[in-house]
Amino acid sequence: MENSQGFVQHITAKSENFSQWYLDVILRARLADYAPVRGCMVIRPYGFGIWENIKELLDKRFRATGHRNAYFPLFIPGSFLEKEAEHVEGFAPEVAWVTRAGNEELAEPLVVRPTSETIIGHMYSKWISSWRDLPVLINQWANVVRWEKTTRMFLRTSEFLWQEGHTCHRTKEEAEEETLKILDIYRSFISEDLAIPVLTGRKTEREKFAGAITTYCVEALMTDGRALQAGTSHNLGQNFAKVFDISFLDKDNQLKYVWQTSWGVSTRLIGGIIMVHGDERGLALPPRIAPIQVVVVPIMPPPSQETVLNAAHNVFERLDKICRVELDAREEYSPGWKFNEWELRGVPIRLEIGPRDVKAGKVVLVRRDTGEKTAVPMENLENVVTDMLSSVQAGLYARAKRFLDENTHTVDNYDEFKTVIEKQRGLIFAPWCGSQECEVSVKDETGATIRCVPMNAQPNPGKCIHCGDNATSWVYFAKAY
RNA sequence: CGGGGCGUAGCGUAGUUUGGCUAGCGCGCCUGCUUUGGGAGCAGGAGGUCGGAGGUUCAAAUCCUCUCGCCCCGACCA
């Protein structure tokens, strides 16, 4: 794309100041705005449109695997949170409390849910009594509140939207299978629908969910070289079942605790989309989740106004049957202004139609990922648009995949490790002895954390990057959001 | 939570050091005419009391105290 700087007058250069660029894109593309409450944001219609598409596509995948949606209360009795030791310790510092209603002090203070394991566990203990009641496969789309000290739009806000799945199983094996099944749904959803390549793996003891026995995760690499945890799937074992007494009589007439899982992704995914696909011109949205997939911009100098507008309406009607299309016929903005605006807002395909095109029976298509322009005969319109939407989706994925590959470094000595983290960032694949001491030391000394232990860890030779003892596995390190 | 920076019209800012403001400018907005294939032009017009509270002073955007919020770097964290 030539002259890319000249067109973008309203956002900070991505190469100059990534953080500021990120915020500018969000505000200028009208994805979200600051709320009058500390750490909170308003998700505007365009940003919420992305979330609605994410919801729809993910929900389909959940339903297809037997999950059903439900809704549990926003308020949780304060005492619930304290029942699971690790869980309290993990969440206590960031929990918001309700202690008063009107002028009355509440007999038992309530917490605003930071996550729903406890209250759902409480209900499950009422609902489950026999092995025939299992499995329970419930998901909830909800808001949660975590009083974070440092907030950042979409990545970490005091309140955010997410889905949380909570399941109960008869056996340990079934629970593990569910945990991994969900991890795979996340992996395929994020790579196929969001066009973001991810790593899958297991969290270390230090990084896992408070109260889980194992946490699996999908990690993505942002274009500033930092990793983003995009989703997690936890095997909760029987920790919560024991605390909330979720038990059942098994086939062998023995009373047993259920085996549970929980898993979630949040509006943070939108932050990931921005940071993976965005460029100097602003947002670039993968077609599958773009609220507007094609924007029709008519170019109508005076004598031809009616002809062009009619043709544009006709094109709109045709495309409306096959994709999410919008006609931008506003007269108060020039075509050039609209081009820049819709690029900033990340619309995958722009369709230009002017007097010359009408005369020639063509339209011009411009794709957001490459800027490439194509003149298309009117009669092929639907086919070409459909193909181009797939092609943009694939193009964005390919570009992100190339970036991930080029920024994943295999390193086996600590000096090189430190240099790479400091100068190039990205992911570092390195051997680790498995001790928390080394994990913490590396973090203190370099700022990098272990993002995940890969799923199919081969028996690996090698010496721990930090202490030099025999490595138990090769793991991915990165600076993370 | 620590260090640094910033809050003046919808947005971006000048003015703050050295109080004197009737707060200046650009974009955007409104009206009209001309325009329309990469952020159109001209003319006219509306809009701010300087994040908030208190104080010093004849006089405060400007000085002092407190407070709220945002950004950056770090710490912490699902």
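Protein chains get the first letters and strands the later ones, always in sequence-line order, with residue 1 at the start of each.
U49(B) is unpaired under the criterion used here, namely a Watson-Crick or G-U wobble arrangement in which both key atom distances are under 3.5 Å. In this structure, U22(B) forms no base pair with any nucleotide, since neither Watson-Crick nor G-U wobble geometry is met with both distances under 3.5 Å. The nucleotide G74(B) finds its pairing partner in C1(B), both defining distances of the Watson-Crick or G-U wobble pair being shorter than 3.5 Å. Nucleotide A14(B) forms no Watson-Crick or G-U wobble pair with any nucleotide shown, as no partner meets the under 3.5 Å limit on both distances. Base pairing of C33(B) is made with G41(B), judged by Watson-Crick or G-U wobble geometry with both donor-acceptor distances under 3.5 Å.
Look at the P atom in both U31(B) and C68(B): the space between them is 43 Å, to the nearest Å. Distance check on atom P: A23(B) versus G47(B) gives 12 Å, rounded to whole Å. To the nearest whole angstrom, the two C1' atoms, one in U16(B) and one in G5(B), are 16 Å apart. Spacing between C6(B) and G10(B) at atom P, rounded to whole Å, works out to 22 Å. For the P atoms, the distance from A61(B) to G51(B) is 10 Å, rounded to whole Å. Distance check on atom C1': C27(B) versus G41(B) gives 16 Å, rounded to whole Å. Rounded to whole Å, the separation between the C1' atoms of A14(B) and C77(B) comes to 41 Å. Taking atom C1' on both nucleotides, A9(B) is separated from G55(B) by 28 Å, rounded to a whole Å.
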Task: Full working for salt bridge (Lys or Arg N to Asp or Glu O under 4.0 Å) between Asp193(A) and Arg61(A) - done: CA-CA 11 Å; Asp193(A) 292 335; Arg61(A) 293 178 189 255; 3.2 Å; yes
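Contacts of Pro302(A) with the nucleic acid, taken as non-hydrogen atoms under 4.0 Å apart, include base atoms. Using a 4.0 Å heavy-atom cutoff across all strands shown, Thr232(A) reaches at least one base atom of the nucleic acid. At the heavy-atom level, Gly231(A) lies nowhere under 4.0 Å from the strands shown. Residue-level contact check: Val297(A) touches neither bases nor backbone, having no heavy atom under 4.0 Å from any strand. Heavy atoms of Pro355(A) sit under 4.0 angstrom from at least one base atom. Among the atoms of the strands shown, none is found under 4.0 Å from any heavy atom of Gly447(A). Using a 4.0 Å heavy-atom cutoff across all strands shown, Phe339(A) reaches at least one base atom of the nucleic acid.
Here the P atom of nucleotide G38(B) and the CH2 atom of Trp337(A) are 16 Å apart, to the nearest Å. Protein atom CD1 of Ile299(A) is 14 Å distant from nucleotide atom C1' of A40(B), rounded to whole Å. Glu341(A) places its CD atom 22 Å from the P atom of U36(B), with the value rounded to the nearest Å. Computed from coordinates, the Phe91(A) CZ to C77(B) C1' distance equals 10 Å when rounded to whole Å. At whole-Å resolution of the value, CZ in Arg146(A) and P in C76(B) are 18 Å apart. Residue Asn17(A) contributes atom CG, which lies 15 Å from atom C1' of G4(B) at whole-angstrom precision. The distance from atom NZ of Lys203(A) to atom P of C77(B) is 14 Å, rounded to the nearest whole Å. Between Met41(A) atom CE and C70(B) atom C1' there is a gap of 15 Å when expressed in whole angstrom units.
If you check distances only, the side chain of Arg38(A) never reaches the base of G69(B) with a donor-acceptor pair under 3.5 Å.
Across the interface with RNA chain B, nearest-nucleotide mapping of Met300(A) and Lys338(A) shows Met300(A) to be the residue nearer the 5′ end. Between Cys40(A) and Gly264(A), the one whose closest nucleotide on RNA chain B sits nearer the 5' end is Cys40(A).
Candidate nucleotides G37(B), G74(B), G39(B) were compared by shortest atom distance to the side chain of Thr150(A), and G74(B) ranks first. Of the listed nucleotides (C73(B), G37(B), G38(B)), G37(B) has the atom at the smallest distance from the side chain of Glu352(A). Checking C11(B), G38(B), A40(B) against the side-chain heavy atoms of Arg28(A) singles out C11(B) as nearest. Listed candidates were G38(B), C29(B), C1(B). Nearest to the side chain of Lys149(A) is C1(B). Distances from the side chain of Glu148(A) to the nucleotides C77(B), C70(B), C72(B) place C77(B) closest. When the nucleotides G39(B), C77(B), U36(B) are ranked by their closest atom to the side chain of Gln305(A), U36(B) comes out on top. Considering only side-chain atoms of Lys443(A), the nucleotide from C76(B), C71(B), G37(B) that sits closest is C76(B). When distances are taken from the side chain of Leu23(A) to each of G69(B), G38(B), C71(B), the shortest belongs to C71(B). The nucleotide whose nearest atom lies closest to any side-chain atom of Tyr34(A) is, among C70(B), G74(B), G38(B), C70(B).
Smallest separation of non-hydrogen atoms from Leu404(A) and Pro197(A): CD2-CB, 3.9 Å.
Taking only side-chain nitrogens and oxygens, Arg152(A) comes nearer than 4.0 Å to OP1 or OP2 of C72(B). An OP1 or OP2 oxygen of U36(B) is reached within less than 4.0 angstrom by no side-chain nitrogen or oxygen of Ser334(A).
Judged by the 6.0 Å and 45° rule, Arg113(A) forms no cation-pi pair with Phe72(A). Cation-pi geometry between Arg146(A) and Trp162(A) is met: the NZ or CZ atom falls under 6.0 Å from the ring centre, inside 45° of the normal. The cationic atom of Arg156(A) (NZ for Lys, CZ for Arg) does not lie both less than 6.0 Å from the six-membered ring centre of Tyr481(A) and within 45° of the ring axis.
In this structure, His409(A) has its ring center no closer than 6.0 Å to that of Phe429(A). Residues Phe244(A) and His122(A) place their aromatic rings such that the two centres sit no closer than 6.0 Å.
Applying the salt bridge (Lys or Arg N to Asp or Glu O under 4.0 Å) test between Glu343(A) and each of Arg281(A), Arg367(A), Lys338(A) identifies Arg281(A) as the sole match.
Contact annotation: the side chain of Trp51(A) approaches that of Trp141(A) to within less than 4.5 Å [non-hydrogen atoms, C-beta and beyond].
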